[in-house]
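What follows is a set of notes on a single structure, which appears directly below.
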Amino acid sequence: MRYLKLPRDYYQSLDVVKLSQGLLGKFIVTEQNGLRTAGMIVETEAYRGAEDRASHAYNNRRTQRTETMFAQGGVAYVYLCYGMHHLFNVVTGPKDCPHAVLVRAIEPIEGIAFMLERRGMQQLHPRLTAGPGSLSKALGITTALNGSLLTSKSVWIEDRDIQLSKKDILTSPRVGIDYAKEHRDLPWRFRLKNCVWTSKAK
DNA sequence: ACGAAGATTGGCT
DNA sequence: GCCAATCTTCGTC
């Protein structure tokens, strides 16, 4: 099997909803101080840039924080939520088109011992990497990686030839965005069906 | 300069 | 199920 690091081209699509589904079954890999950890993406949410009330970049709002979302697709947008959780997003689309995909859960694959240590856990359990704050902690992702190229040496995404079809994917509304009014119930949350590593559907 | 709220999580009732 | 933790961000004063 060939492992292909996704090239920057992959992230240029204008259709963030489709790309959000396409990232399911891909692998996030991090490497820090020689420690390598990886997991398969099993749950994502699409944030459709300027037109999406749930997006930080709604109405093309440019601030110091959201500037990363306006970069050309293929970089990481990592921000601190509730003062303690580092949330990992994949910036997509061309420059100045602030689309992003929030990764919400992964299946741990490589470096599980390191992940357990980072999380202060003894036993392998879905809690290890279910939820955006949890998976970031397990993979050692912090806001220090904000703006990093996803083709860098410390964080990237790989295609490992996992083939998925529409029937493998479950669709539901996004969570934690009650403020988003008419965009609150859009079915832009995607997960692998029958996968124990995701959180429960809304 | 101030303060409210947040794309969440885990512990306790 | 409820609620505190914890701190950056951003709108408002």
Side-chain angles (χ1 to χ4, degrees), chain A residues 11 16-21 23-24 28 39 41-71 73 75-93 97-108 115-148 150 155 157 170-191 196-202:
Chain A
Y11 303 99
V16 68
V17 173
K18 193 169 164 189
L19 205 145
S20 188
Q21 298 169 76
L23 284 173
L24 294 175
I28 303 180
I41 299 172
V42 298
E43 184 177 338
T44 61
E45 276 178 3
Y47 284 86
R48 200 169 157 184
E51 316 132 48
D52 180 359
R53 263 189 199 273
S55 166
H56 290 161
Y58 175 59
N59 209 15
N60 280 314
R61 187 175 64 157
R62 291 183 98 116
T63 64
Q64 191 172 354
R65 179 174 71 157
T66 65
E67 198 55 35
T68 306
M69 297 183 76
F70 289 86
V75 301
Y77 171 46
V78 186
Y79 73 95
L80 190 65
C81 186
Y82 291 99
M84 60 189 89
H85 305 298
H86 300 257
L87 272 54
F88 174 79
N89 298 254
V90 176
V91 174
T92 74
C97 179
H99 293 169
V101 177
L102 171 67
V103 178
R104 295 195 56 90
I106 61 172
E107 172 180 342
M115 295 195 209
L116 287 169
E117 192 179 332
R118 285 175 178 141
R119 294 272 288 128
M121 291 172 62
Q122 314 296 320
Q123 302 277 333
L124 185 54
H125 185 280
R127 252 194 331 274
L128 179 65
T129 52
S134 300
L135 76 89
S136 291
K137 193 165 184 190
L139 290 172
I141 292 172
T142 69
T143 52
L145 286 181
N146 184 44
S148 294
L150 291 173
V155 60
I157 300 180
L170 203 60
T171 295
S172 60
R174 297 174 290 181
V175 286
I177 54 157
D178 283 347
Y179 57 86
K181 300 185 179 177
E182 72 273 21
H183 297 148
R184 189 185 51 192
D185 300 319
L186 290 171
W188 285 356
R189 186 183 190 191
F190 306 102
R191 77 189 59 236
V196 300
W197 302 100
T198 66
S199 48
K200 287 180 181 167
K202 191 157 101 177

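Values below: all heavy atoms of this structure, side chains included; hydrogens, waters and symmetry mates excluded.
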Handout entry: Selection: residues 48-58 of chain A, any non-hydrogen atom under 4.0 Å of DNA chain B
Key = A:Ala54, A:His56
Exercise for the section: For residues A:Gln21 and A:Thr44, determine if any side-chain heavy atom of one lies less than 4.5 Å from a side-chain heavy atom of the other. Expected result: no
Exercise for the section: Look at the side chain of A:Arg61 and the backbone N and O of A:His56, then say whether any donor-acceptor pair between them is shorter than 3.5 Å. Expected result: yes
Problem - Donor-acceptor contact below 3.5 Å, side chain A:Arg53 vs main chain A:Tyr179 - result: no
Handout entry: Positive for side chain to side chain contact (heavy atoms under 4.5 Å, CB included) with A:Leu116, one of A:Met121, A:Gln122, A:Gln123, A:His125
Key = A:Met121
Practice task
State the CZ-CZ distance between A:Arg189 and A:Arg174, to the nearest 0.5 angstrom.
Solution key: 11.0 Å
Exercise for the section: Without swapping roles, check the side chain of A:Glu43 against the backbone of A:Ser199 for a donor-acceptor pair under 3.5 Å. Expected result: yes
Problem - Side-chain donor/acceptor of A:Arg119 to backbone N/O of A:Arg127, under 3.5 Å - result: yes
Practice task
Name every residue in residues 128-146 of chain A that has at least one heavy atom under 4.0 Å from any atom of DNA chain C, in order of residue number, or write none if there are no such residues.
Solution key: none
Fill in the blank from the handout: Smallest heavy-atom separation, A:Met69 atom then A:Ala100 atom, equals CE-CB, 3.8 Å
Exercise for the section: Sort by first number and list every stem of DNA chain B: at least 3 consecutive Watson-Crick or G-U wobble pairs, both distances under 3.5 Å. Expected result: B:1-6 with C:7-12, B:8-12 with C:1-5
Handout entry: Donor-acceptor under 3.5 Å (A:Tyr77 side chain, A:Phe88 main chain)
Key = no
Problem - Any residue of residues 79-91 of chain A with a heavy atom less than 4.0 Å from an atom of DNA chain C - result: A:Leu80, A:Tyr82, A:Gly83, A:Met84
Exercise for the section: Return yes if some donor-acceptor pair links the side-chain N/O of A:Thr171 with the main-chain N/O of A:Pro187 below 3.5 Å, else return no. Expected result: no
Handout entry: Donor-acceptor under 3.5 Å (A:His99 side chain, A:Thr92 main chain)
Key = no
Exercise for the section: For nucleotides B:dC2 and C:dT6, find the distance between their P atoms and express it as a whole number of Å. Expected result: 22 Å
Exercise for the section: Determine the Euclidean distance between corresponding P atoms of C:dG1 and B:dA7; express it in Å to zero decimal places. Expected result: 23 Å
Handout entry: A:Tyr79 OH to A:Asn146 CG distance, which is reported to the nearest 0.5 Å
Key = 11.5 Å
Handout entry: Segment of DNA chain B, first to last nucleotide, that comes within the 4.0 Å heavy-atom reach of chain A
Key = B:dG6 to B:dG10
Completion exercise
Of all heavy-atom pairs linking A:His183 and A:Ile177, the shortest is O-CD1, 4.3 Å
Completion exercise
Span of DNA chain C engaged by chain A, first through last nucleotide within the 4.0 Å heavy-atom cut-off, is C:dA5 to C:dG11
Completion exercise
What one should report as the nearest heavy-atom pair of A:Glu67 and A:Arg62 is OE2-NH2, 2.9 Å
Problem - Spacing of CD1 belonging to A:Ile157 relative to CD1 belonging to A:Ile28, to within rounding of 0.5 Å - result: 5.5 Å
Handout entry: Nearest-0.5 Å distance that lies between atom OG1 in A:Thr129 and atom CZ in A:Arg104
Key = 13.0 Å
Handout entry: CG on A:Asp185 to CG on A:Asp178, rounded to 0.5 Å
Key = 8.5 Å
